[in-house]
Each structure stands twice: as structure tokens, then as C-alpha cells.
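Convention: sequence-line order gives letters A, B, ...; per-chain numbering from 1.
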2 protein chains.
Amino acid sequence: MKGESGSVGTLKRSRLATRERLLDAAGAVFAERGFAASTIEDVCERAGFTRGAFYSNFETKDELLVQLLDREEVKLLERFNAAVSQALQATEPLAVVVERIYDLQPFGADNYALRAELVFLALKDPKLATAYQAAREALRAKFGPFLIAALAARGLRLTVDPIDALDTLEAVFEASVRSSLIAGGSPNDRGSLAARMLPIIVLAVSAPI
Amino acid sequence: MKGESGSVGTLKRSRLATRERLLDAAGAVFAERGFAASTIEDVCERAGFTRGAFYSNFETKDELLVQLLDREEVKLLERFNAAVSQALQATEPLAVVVERIYDLQPFGADNYALRAELVFLALKDPKLATAYQAAREALRAKFGPFLIAALAARGLRLTVDPIDALDTLEAVFEASVRSSLIAGGSPNDRGSLAARMLPIIVLAVSAPI
DNA sequence: CATGTTCGATACACTCACGTATCGGATACG
DNA sequence: CGTATCCGATACGTGAGTGTATCGAACATG
């Protein structure tokens with residue numbers, strides 16, 4: 001039945017490759033048209049397959065979305081790991097620390113659209129809601145210690161709940177990215193709302209040790 | 001051709017009524033399932049009509065959305081007008097001023113979902129993007145003077161661009177509403193991120209005159 | 001009361017996406 | 001070199017949503 005003796009090497013490799021291609025295509029198509037408006041055939045076409053490939057690898061469009069989100073979350077965390085560990089060693093002025101947030105590039109246009117879609121779906125589907133909250137939790141776990149350490153290196157400490165501080169910074173950053181995208185600009189514009197307000201907010205929620 | 005001599009009174013009134021019912025239904029259905037996933041028949045069914053009523057009153061689903069957004073924006077501005085003019089007369093402590101923001105109740109669950117959908121669609125459709133920006137502009141025009149006056153009445157002035165201040169407050173407020181909704185709570189929870197952070201932010205962007 | 005018009009309901013044809021069942025080429029293996 | 005298996009392509013049937021064309025009831029009007 002589930003014969004998997006010989007083909008473990010080559011065959012499985014190509015299978016994984018088509019899966020990746022389908023996920024890549026799904027990311028692009030979902031970001032472009034939105035999840036609900038996207039068609040399984042849209043995704044397959046973009047990936048250069050027919051629907052046969054899809055049904056051979058996934059059950060439903062929903063499963064495709066879930067796997068895509070999982071993969072993207074892993075990617076994002078990897079990027080955070082790299083950028084944060086690098087930033088932790090620097091001892092630059094506060095404004096530069098804030099700039100580091102931009103260098104993390106958490107959102108490109110596609111990433112933002114996908115994330116916005118996730119938020120929207122999470123409003124309706126409790127299952128996605130918990131996935132969303134788990135993803136945010138993971139991000140906070142990464143970024144919270146970074147913020148605290150960066151402040152401590154400058155003789156500062158948080159005066160509010162770290163979670164509140166993170167959520168506030170994230171909210172402003174996200175609003176900034178959104179505004180830039182809707183205005184047609186680049187998502188991580190350094191002349192943006194975030195560039196002006198994030199340093200002020202950081203100072204507002206911290207005090208000398 | 002466009003005979004409209006006698007029926008101006010009663011007939012048109014009932015026509016407008018079915019239009020309103022369709023718009024009400026559209027607001028509920030779009031918020032519940034999302035615009036793309038919603039069906040014209042869904043909307044008609046919710047309104048208690050068949051599709052005949054829809055095609056007699058609208059051309060496309062897109063037109064329905066645009067008219068819905070127009071109507072909702074008018075409603076929101078009316079609510080702001082009432083609440084703001086009332087709040088302007090009061091001379092309460094700052095925390096209470098912030099609480100007034102909650103009393104404006106800009107977002108219920110449906111309102112938030114609809115707005116999130118609009119943001120999402122605006123990312124793709126330039127036409128909706130300008131509509132979105134116009135709506136925000138109108139809100140800022142209402143709320144900016146209110147904020148400045150409320151601060152002035154307490155001997156404070158803004159130390160940043162008023163637009164930045166407004167956008168920041170809005171971002172945090174929206175993040176707070178979203179978080180409450182996804183967690184399954186009430187949208188305007190007074191124990192929320194916004195309740196804790198908004199006063200701090202207001203102080204951070206203002207100084208004694 | 002008769003007539004015309006308006007507007008929502010009904011019926012129908014059509015398209016599109018879906019899911020399944022089957023096929024064929026490529027690859028691993030004896 | 002023959003054979004089995006895997007996996008994507010192809011070819012259906014099906015259901016749902018759309019838009020149009022037509023119908024009929026309610027109401028206004030003379």
C-alpha cells in the first residue's frame with residue numbers, strides 16, 4: 001500500500017519541490033487577489049502545474065493556506081533570529097536601534113497583504129485565531145528580550161508591561177507600513193510615521209534604571 | 001422613457017427602503033464572510049429578497065460595496081459629530097478624555113471587520129485606495145481639532161505633527177480593538193491595550209503651553 | 001373603475017470552479 | 001531490460017452562482 005522502500009531519496013525530493021512551488025505560488029496569488037477570491041487553478045497556473053498536481057499534494061485550499069502560513073512563520077522567525085542576534089551586539093544610539101527594526105523587514109508588500117488576510121480570517125475562524133495568537137506570541141518571545149536588552153545597554157528600563165510596549169510599537173509600525181503601501185510607496189519607508197514616532201514611544205515607555 | 005412624474009412620493013420611498021435593507025444585509029454578510037466570499041444571493045436572502053430585487057437596484061456586487069462604504073462613512077461621521085461636540089464642552093482629567101474615545105464606539109465587531117476588509121481591498125484597488133484615504137482624511141479633520149482643543153483646555157499643546165499624533169492613537173486603538181475581537185472579547189474593552197497606553201502616548205506627544 | 005407603470009419574483013441558460021477517475025511518462029528496482 | 005510504482009496531466013460529471021428575460025401583483029393616476 002504505502003510502498004516507500006526505494007523511492008525515499010529522489011522521488012520524495014521532487015515531490016517536495018513541487019510542493020514548494022505550489023506554496024510559493026499560493027503566497028503570491030493569495031497576496032494579490034486575497035484568499036477567498038483565489039482559485040485553486042490560479043495557484044496551479046502560477047506554479048506551472050495543472051490541478052492534478054494540487055490534488056496530488058493537498059486536500060483543500062484551506063490546507064494549502066495553513067501550510068503556507070506555517071512556512072512563512074518559520075521564515076520570519078529565522079530572519080528575526082539573524083537580525084536580532086546581530087543587533088544585540090551593537091551599542092548604538094536609540095534612534096539607530098529603532099532603525100534596526102526596519103532592517104528586520106518583517107513586511108514586504110506581499111507579506112503585509114498575507115498578514116492582513118490572516119488577521120481578517122482569524123476574526124471568523126477560531127482555529128486560525130489561535131494560530132494567529134501563537135504566531136504573535138512567538139514573535140514577542142523573540143523581540144521582547146531584544147528590546148529589554150537594547151534599553152538596558154543604554155541605561156534604560158521599561159516602565160510598562162513589556163507586552164504592552166511591544167504591541168504598541170508593532171501597532172504603529174504596522175500602521176506605518178500599511179499607510180505607505182496604500183499610498184503606493186515602499187513598505188519600510190524611513191520617512192514614515194514609524195520613523196518619527198517609534199523613538200518617541202520608546203522613550204515614553206522607559207526610564208533611567 | 002424615464003417616467004418619473006407621479007411616483008416620486010410613495011414608490012420611490014419603498015424603493016429606497018429595499019435599498020436600505022439590501023445595504024444593511026450587505027454590511028452584515030460582508031462582515032461575516034468577507035466580501036469576496038459573499039454571494040449576491042447571500043445578501044438578498046439575508047435581506048429577505050430574491051436576486052430580482054438586487055438586479056433591479058444595483059449593477060454589480062462592487063457597486064453594492066461602494067454604496068455601503070459611502071453610507072457607513074456618513075454614519076460614522078455623524079456619530080463623531082455628536083460625540084465630539086459633546087466632549088468638547090467637558091473639562092475633565094486627561095484619562096477621562098481618552099475614555100471619550102471609547103464612547104465614540106467607532107468599531108463594533110462588524111464595523112471593524114468591514115473596515116479591515118476595506119483596507120485589504122484598498123491594497124489592490126487604487127480606486128478604493130483613494131476612497132480609503134479620503135475617509136481617513138475626513139476623520140482626521142473631525143478628530144484633530146477635538147484633540148487639540150481638549151489638550152489646550154488642560155494647558156497642553158502637541159509637540160508633534162497633529163497628523164502623526166492622530167495616526168499613532170488610531171493605530172494603537174485599532175490594534176487594541178483587533179486584539180479584543182480575536183480573543184473573543186468585546187471590541188471596546190476598557191481593560192485593553194488602548195486603555196493602558198493611550199494616556200501615556202497622549203502625554204508623550206504633548207507639553208505644557 | 002380602468003389603465004399604465006413600477007419593482008420584486010420566477011424561470012432559464014450559461015459559466016466557472018470543483019473533485020474524481022483515469023491515463024501516461026518517468027523513475028527505481030530486480 | 002522488463003516491471004512496478006509514483007505523480008502530474010487530462011477528461012469527465014456536478015453544483016453553485018450569475019445575469020437576463022419574463023411574469024404578475026401593487027399602486028398611482030385620470
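Base engagement by B/Y55 is indicated by at least one non-hydrogen atom pair under 4.0 Å involving a base atom. Using a 4.0 Å heavy-atom cutoff across all strands shown, A/T39 reaches sugar-phosphate atoms only and no base atom.
Residue order along DNA chain D, read from the 5' end via each residue's closest nucleotide, puts A/G48 first among A/G48 and B/T60. For B/A53 and A/K61, each mapped to the nucleotide of DNA chain C holding its nearest heavy atom, the one lying further toward the 5' end belongs to B/A53.
A/R15 places its CZ atom 15 Å from the C1' atom of C/dT27, with the value rounded to the nearest Å. The interatomic distance linking A/E59 (CD) with C/dG19 (C1') rounds to 11 Å, in whole Å. Put simply, CZ on B/F35 is 15 Å from P on D/dG17, counting in whole angstrom units. One can place CZ of A/R19 at 10 Å from P of D/dC7, the figure rounded to the nearest angstrom. Between the C1' atom of D/dA9 and the CZ atom of A/R21 lies a distance of 13 Å, rounded to the nearest Å. The CD1 atom of B/I40 sits 15 Å away from the C1' atom of C/dG8 (whole-angstrom rounding). Atoms CZ (A/F54) and P (C/dA17) sit 14 Å apart, rounded to a whole Å. In this structure, CG of B/N57 is placed 15 Å from P of D/dG19, rounded to the nearest angstrom.
At least one side-chain heavy atom of A/F49 sits under 4.5 Å from a side-chain heavy atom of A/R21. Residues A/L114 and A/L68 are in side-chain contact: their nearest non-hydrogen atoms beyond the backbone lie under 4.5 Å apart. Side chains of B/T39 and B/E45 form no contact here, defined as non-hydrogen atoms less than 4.5 Å apart.
The side chain of A/R51 lies closest to C/dG19 when the candidates are C/dG8, C/dG19, D/dA9. For A/F49, counting side-chain heavy atoms from C-beta on, the closest listed nucleotide (D/dA9, C/dA9, C/dC18) is D/dA9.
Checking the phosphate oxygens (OP1, OP2) of D/dC27, no side-chain nitrogen or oxygen of B/S14 falls inside 4.0 Å. Within the 4.0 Å cut-off from OP1 or OP2 of D/dG8, not a single side-chain nitrogen or oxygen of A/T50 is found.
In this structure, A/D161 CG and A/D167 CG are separated by 8.5 Å, a value rounded to the nearest 0.5 Å. The distance from atom CG of A/L128 to atom OG1 of A/T130, rounded to the nearest 0.5 Å, is 7.5 Å.
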